[in-house]
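Sharing a structure with you now.
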Amino acid sequence: MSKTKTVTEKKKEENFKVKIYIMGQAYEVPATLTIMKAMEFVGYKFTRGSGCRAGFCGACSTVYRKEGDFRIYTALACQTMVEGGMVLTQLPFVPADKPEYDINNLVPSANAVLRYFPEVARCLSCNACSKVCPQDIKVMDYIQHSLQGQIERAAEGSFDCVSCGLCAIRCPAEIPQYHVAQLVRRLHGKYLMKTPAYLGERIKEIEDGKYEDGFKELFSLSKDELEERYKNRDKE
Amino acid sequence: MKLIGGYTEEMRKSIDNVNKTRSKRLNEVFPHMTMEERDKVLKENHPDYKQEVKRAIQHGKNKGDIVPDEVADVLESYPIINPDDIDLSKIDYDVGVLVIGAGGAGTAAAIWANYSGVPVDDILVSSKLRHGDANTVMAQGGIQIADRPEDSPLIHYLDAVGGGHFDNIPELAKALVSDAPAVLKWHKDLGTMYDLDENGNFMVLSGGGTSRLRMHSAKDYTGLEIFRVIRDEFRNLEIPMLEFTPAIELLTDETGRVTGAVLYHLETKQYFVVRAKTTIMATGGFGRLHVAGFPTTNHYGATMDGVLMAYRANATLRNLESTQFHPTGAAYPEQIVGLLITEKVRGLGAQVLGRDGEQVCYPLEPRDVEASAIIRTCTSTDNYIESPTGMRGVWLDSPLIEELRGKGTIKKNLAAMDRMFQRFSIDMTVDPILIYPTLHYQNGGVLHDEWCHSSIPGLLIAGEVSGGVHGKNRLMGNSLLEINVFGRRAGIEAAKEIKKAKVGNLSLDHVRKNISTLDSLGLKKKRYAPMLLPEYRSDIVRHRLVQLYE
């Protein structure tokens, strides 16, 4: 994106810098940058720690403190602006076991959750997971809903998860919340959200070759005829 | 600088215009462009039609094709390894199916190869970054599937080829639309949470250039939801995966057949030799080349590696002259310039407005037409809005969605968008958002047939790396569909292929040949590729870089 920078912006960058600490080392960086771009600005070329760069993939989970503040803050580096006095590091990887299961042999219930994640029963309701979530998901709530077998609520409540793993790092009960979330969403999507009947009917029509003649006819048209057909197609 | 609700006072003046006209615009439909008007706006504004930023490919199967300079630069690059440094007599992995790329297409291909009888130990997947660091998870708006009784694969086909300027390969477009319902069934059976309406039917919206309500979605995390479910399935099947280990060259044999690849571990810096009976290329697109200087919606690793590797191995390419610019990238605030504002925002009813608060075009023209109309407003008129950093854009009137579909619609259906803007103190439920086209999709790529065979034996192609499905322009929702349809087909086909494949002696002779061809071109600048990762370090840092002897 450096190519698109304007003169005004460059000037502004020179005039307005903040001091941040990347893994303990102090750097002056333009105040207009995200954490990710600030790290690149000072010379880091990411292998880990950069994925979609748009807040969807969870590759860039970052932990920081601020000068004079005891709290631990968390963020996605691509979605968060630098602030003066930040002391930050990125998490290159989150170790968390994902058990293997066959989704076809499960029922959407608390038992399914506890069979693969018995540690869910150890939840202390401390809410550290919710506080740490960069997506502002109420993580503890969906863990509790999973434990109670409220699969739909757990699935809906965890839907915006980007699997960054910060919750699992903070959890004193050692629960890999984001893996639990994946299981409950699949249980909900498979067993509780019904599939409309018309889908199966359309698949059968295609398998039976109902549209083959139609395709043959479309393939036989000249480009002009096809364009004419396209222009005159009706719109819903 | 004083900001009110995230915007400057200057921008607020224009937002006042937007607010004033909103009630009048509630039922106002801006007329569609005629085919002639579309042609004109494209030719005058779309970067595809600007010959000064393009040039002819000088070598290989597609010699003479006119492509963007950035694409030609990559194709005219020297390899990043010396073939003589690689010991091909030591094979590290010997498999039936090698899948290069671990986004939606690669993951689907590996799963379907296994479903079709290939044991997991006979499959290997190479991923440049983590499993799923791909454009797939960033696709927000939806996936096109002609499943409703009001719709049909034939209508979907007509929309796709019309949108593609009738340059799509007919058999590929037919495969795309015909497999769509089966893909949806697969996703549902795996437990993907597609949005349903109050009657239990799939919630559907229209997309740019579609004549039916055909866009199926999972809020505005559609790609993420589809992907994380198939990745979970992949992990449950325990298919072997190497992360941070991209392919850097294909391998061939004396017949020219593709016989595997050389992989390179980005962190430990060692190479691995993979012999494979069949190789599936699913490396994705090229957004990080920043074609024509545009910002991009694409993920960090979208650097066209697969097209280059295949071209060196003598594959035929197609439609690389055409690049998709998404009409609505963020133009403000600066930190998110170029990021995707999903087409679903317009699908739900948001209009595109100039500084005066009036509509500048029909909001759901095909993507290239819509992007051109927005570029025209920002470059040939004075009806644009300028951001404090000098970025021009037009308004996308998101609050109109709440007026049309009820309060709370945005939070429910556009949670990701809403969250992104909230992070910068902008409330898109009450204020419009500033947008400008952004580099989004590689329309062309490696040519293949309807069962994914490239022009070289042993190499199958699936996903954005491919060319021919979308012609010169892809419609919204056809890429999430494409990766599933052709990923699935590639996996099924690979299972058949490995039964009859005969692999000769592993060779990098095609790379040596490529080097001598490049030598003969008299290139002014010596470049090296695959790029693997783009360069964003500042110039000050880059001038200090030094390679140490080991």
Side-chain angles (χ1 to χ4, degrees), chain A residues 1-4 6 8-9 32 34 37 40-43 45-47 50-57 59 79 81 98 100-103 135 155 159-160 162-163 182 185-190 193-196 198-199 202-203 206 211 214-215 218-219 223 226-227 229-231 233-236, chain B residues 35 129-130 132-133 137-138 147-150 152-154 157-158 162 166 170 174 178 181-182 184-185 188-193 196 200-202 211-213 219 221 224 228-229 232 235-236 238 244 266-267 290 293 295 299-300 334-335 337-340 389-390 415 420 423 536-538 541:
Chain A
M1 221 166 281
S2 55
K3 285 183 188 173
T4 62
T6 61
T8 359
E9 191 208 6
T32 52
T34 58
K37 287 183 183 173
E40 288 174 333
F41 178 83
V42 306
K45 181 164 180 173
F46 291 106
T47 313
S50 180
C52 73
R53 303 172 73 99
F56 284 90
C57 81
Q79 295 285 296
M81 305 283 296
K98 194 209 97 72
E100 280 87 37
Y101 44 80
D102 181 349
I103 199 76
Q135 293 284 86
F159 191 82
D160 294 0
V162 295
S163 310
Q182 183 62 67
R185 281 195 306 269
R186 286 189 68 182
L187 290 172
H188 180 52
K190 180 172 176 66
M193 297 177 87
K194 296 295 176 214
T195 301
Y198 58 74
L199 177 61
R202 177 56 43 84
I203 292 171
I206 292 168
Y211 299 101
F215 278 114
L218 284 171
F219 284 13
K223 193 189 160 195
L226 196 59
E227 190 167 329
R229 189 77 64 90
Y230 175 71
K231 270 195 284 192
R233 75 203 197 288
D234 63 304
K235 295 199 178 70
E236 191 175 356
Chain B
M35 294 301 263
L129 298 169
R130 301 175 313 155
D133 284 339
V137 301
M138 309 174 73
D147 57 337
R148 295 162 61 241
E150 297 83 350
S152 98
L154 298 169
Y157 177 89
L158 203 53
F166 308 98
K174 180 190 169 195
S178 301
L184 178 56
K185 172 84 168 38
K188 280 295 293 177
D189 288 345
L190 291 177
T192 311
M193 289 173 56
L196 300 175
N201 295 325
F202 288 115
S211 63
R212 291 289 182 280
L213 303 174
K219 299 188 188 171
Y221 287 103
L224 179 65
R228 62 193 178 190
V229 169
D232 195 55
R235 288 174 175 169
N236 286 340
E238 300 184 80
F244 297 96
L266 292 174
E267 293 183 312
H290 295 290
H299 83 108
Y300 186 45
E334 172 67 21
Q335 294 80 15
V337 165
L339 295 193
L340 180 64
T389 57
M420 181 165 92
R423 282 177 174 135
Y536 294 122
R537 289 172 292 191
S538 56
V541 172

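Below, read A as the first sequence line, B as the second, and so on, with proteins coming before strands; counting in each chain starts at 1. The figures here come from the full heavy-atom set of this structure, side chains too, leaving out hydrogens, waters and symmetry mates.
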Item to check | Separation of A:Q182 CD from B:N236 CG (nearest 0.5 Å) | outcome: 9.0 Å
Checklist entry - If you count heavy-atom pairs under 4.5 Å with chain B, which of A:I103, A:V42, A:L187, A:T195 comes out on top? => result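 Among A:I103, A:V42, A:L187, A:T195, the one with the most close pairs to chain B is A:T195.
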Checklist entry - Are any non-hydrogen side-chain atoms of A:T34 and B:E334 less than 4.5 angstrom apart? => result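 No. Closest side-chain heavy atoms not under 4.5 Å.
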Next on the checklist: Determine whether B:L339 and A:Q79 satisfy the following criterion, side chain to side chain contact (heavy atoms under 4.5 Å, CB included), listing intermediate values before the conclusion.
Outcome noted: CA-CA 11 Å; B:L339 295 193; A:Q79 295 285 296; 4.0 Å; yes
Next on the checklist: Heavy-atom cut-off 4.5 Å, strictly under: side chain, backbone, both or neither for B:L190 against chain A?
Outcome noted: both
Checklist entry - When heavy-atom pairs shorter than 4.5 Å are enumerated against chain A, which of B:L158, B:V137, B:V229, B:L224 gives the highest number? => result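 Highest number of pairs under 4.5 Å: B:L158.
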Checklist entry - So which of A:G214, A:A59, A:S163 has the largest heavy-atom pair count under 4.5 angstrom toward chain B? => result A:A59
Item to check | Which portion of B:L213 sits near chain A, non-hydrogen atoms under 4.5 angstrom | outcome: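 For B:L213, heavy atoms of backbone and side chain both lie under 4.5 Å from chain A.
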Checklist entry - Which atoms of B:R228 come close to chain A, meaning under 4.5 Å heavy atom to heavy atom: side chain ones, backbone ones, both, or neither? => result both
Item to check | B:Q335 side chain vs A:T32 backbone, donor-acceptor pair below 3.5 Å | outcome: yes
Next on the checklist: Looking only at heavy atoms and a cut-off of under 4.5 Å, which of B:P181, B:G191, B:S538, B:G162 has the most pairs with chain A?
Outcome noted: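 If we count pairs closer than 4.5 Å to chain A, B:G191 comes out on top.
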Checklist entry - Most heavy-atom pairs under 4.5 angstrom with chain A, which of B:K174, B:M138, B:H299? => result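 Ranked by contacts with chain A, first place is B:K174.
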Checklist outcome for this item: Closest non-hydrogen contact found for A:P196 with B:G200 is CG-O, 3.4 Å
Checklist entry - Checking side chain to side chain contact (heavy atoms under 4.5 Å, CB included) for the pair A:M193/B:K188: CA distance, chi angles, key distance, verdict? => result CA-CA 9 Å; A:M193 297 177 87; B:K188 280 295 293 177; 3.7 Å; yes
Item to check | Rounded distance [0.5 Å steps], CG in B:N201 versus CG in A:L199 | outcome: 11.0 Å
Next on the checklist: Please rank B:V541, B:L154, B:D189 by heavy-atom pairs under 4.5 Å with chain A and give me the top one.
Outcome noted: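 The candidate making the most pairs under 4.5 Å is B:L154.
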Checklist entry - Counting N and O atoms only, with roles assigned by atom type, does the side chain of B:Y300 sit under 3.5 Å from a partner on the main chain of A:F46, one being a donor and the other an acceptor? => result yes
Next on the checklist: I need the residue from A:H188, A:K194, A:E100, A:E227 with the largest number of non-hydrogen atom pairs under 4.5 Å to chain B.
Outcome noted: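 Counting heavy-atom pairs under 4.5 Å, the top option is A:E100.
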Checklist entry - Heavy-atom distance under 4.5 Å to chain A: side chain of B:T192, backbone, both or neither? => result backbone
Checklist entry - What option among A:I206, A:D102, A:D160 has the most heavy-atom pairs under 4.5 Å with chain B? => result A:D160
Checklist entry - Okay, side chain of B:R130, backbone of A:C57: is any donor-acceptor separation there less than 3.5 Å? => result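 Judged by distance alone, yes, a pair lies under 3.5 Å.
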Next on the checklist: Just so I understand: if I count every heavy-atom pair under 4.5 Å between each of B:L184, B:L340, B:L129 and chain A, which residue has the most?
Outcome noted: B:L184
Checklist entry - So what's closer than 4.5 Å to chain A heavy atoms on B:M35: side chain, backbone, both or neither? => result side chain
Item to check | CD1 on A:I203 to CG on B:D147, rounded to 0.5 Å | outcome: 8.5 Å
Checklist entry - Just wondering, are more than 12 heavy atoms of other shown residues or ligands nearer than 6.0 Å to NZ in B:K185? => result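 No.
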Checklist entry - Please walk me through it: do A:Y211 and B:S152 pass side chain to side chain contact (heavy atoms under 4.5 Å, CB included)? => result CA-CA 9 Å; A:Y211 299 101; B:S152 98; 3.9 Å; yes
Checklist entry - What pair of heavy atoms forms the shortest contact from B:R423 to A:Q135, and how long is it? => result NH2-OE1, 3.1 Å
Checklist outcome for this item: By side-chain hydrogen bond (donor to acceptor under 3.5 Å, both in side chains), B:S211 pairs with (sequence neighbours left out) B:D159
Checklist entry - Are A:E236 and B:R148 within salt-bridge range, i.e. N to O under 4.0 Å? => result yes
Checklist entry - Taking 4.0 angstrom as the limit, do A:R53 and B:D133 come out as a salt bridge? => result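 Result for this pair is no, no salt bridge flagged.
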Item to check | Straight-line distance of B:M193 CE to A:R186 CZ, nearest 0.5 Å | outcome: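 One finds 13.0 Å between CE of B:M193 and CZ of A:R186.
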Item to check | Partner set under side-chain hydrogen bond (donor to acceptor under 3.5 Å, both in side chains) for A:K223, not counting sequence neighbours | outcome: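 A:K223 satisfies side-chain hydrogen bond (donor to acceptor under 3.5 Å, both in side chains) with no other residue.
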Next on the checklist: Ring-plane angle category for B:F202 and A:Y198, please: parallel below 30°, perpendicular beyond 60°, tilted otherwise.
Outcome noted: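 Aromatic pair B:F202/A:Y198 classed perpendicular.
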Next on the checklist: Counting only non-hydrogen atoms closer than 4.5 Å, does A:R233 touch chain B with its backbone (N, CA, C, O), its side chain (CB onward), both, or neither?
Outcome noted: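 For A:R233, the contact with chain B is made by the side chain alone.
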Checklist entry - Checking side chain to side chain contact (heavy atoms under 4.5 Å, CB included) for the pair B:D232/A:K98: CA distance, chi angles, key distance, verdict? => result CA-CA 9 Å; B:D232 195 55; A:K98 194 209 97 72; 2.9 Å; yes
Item to check | Under 4.5 Å from a heavy atom of chain B, the part of A:L218 involved | outcome: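 Contact with chain B involves the side chain of A:L218 alone.
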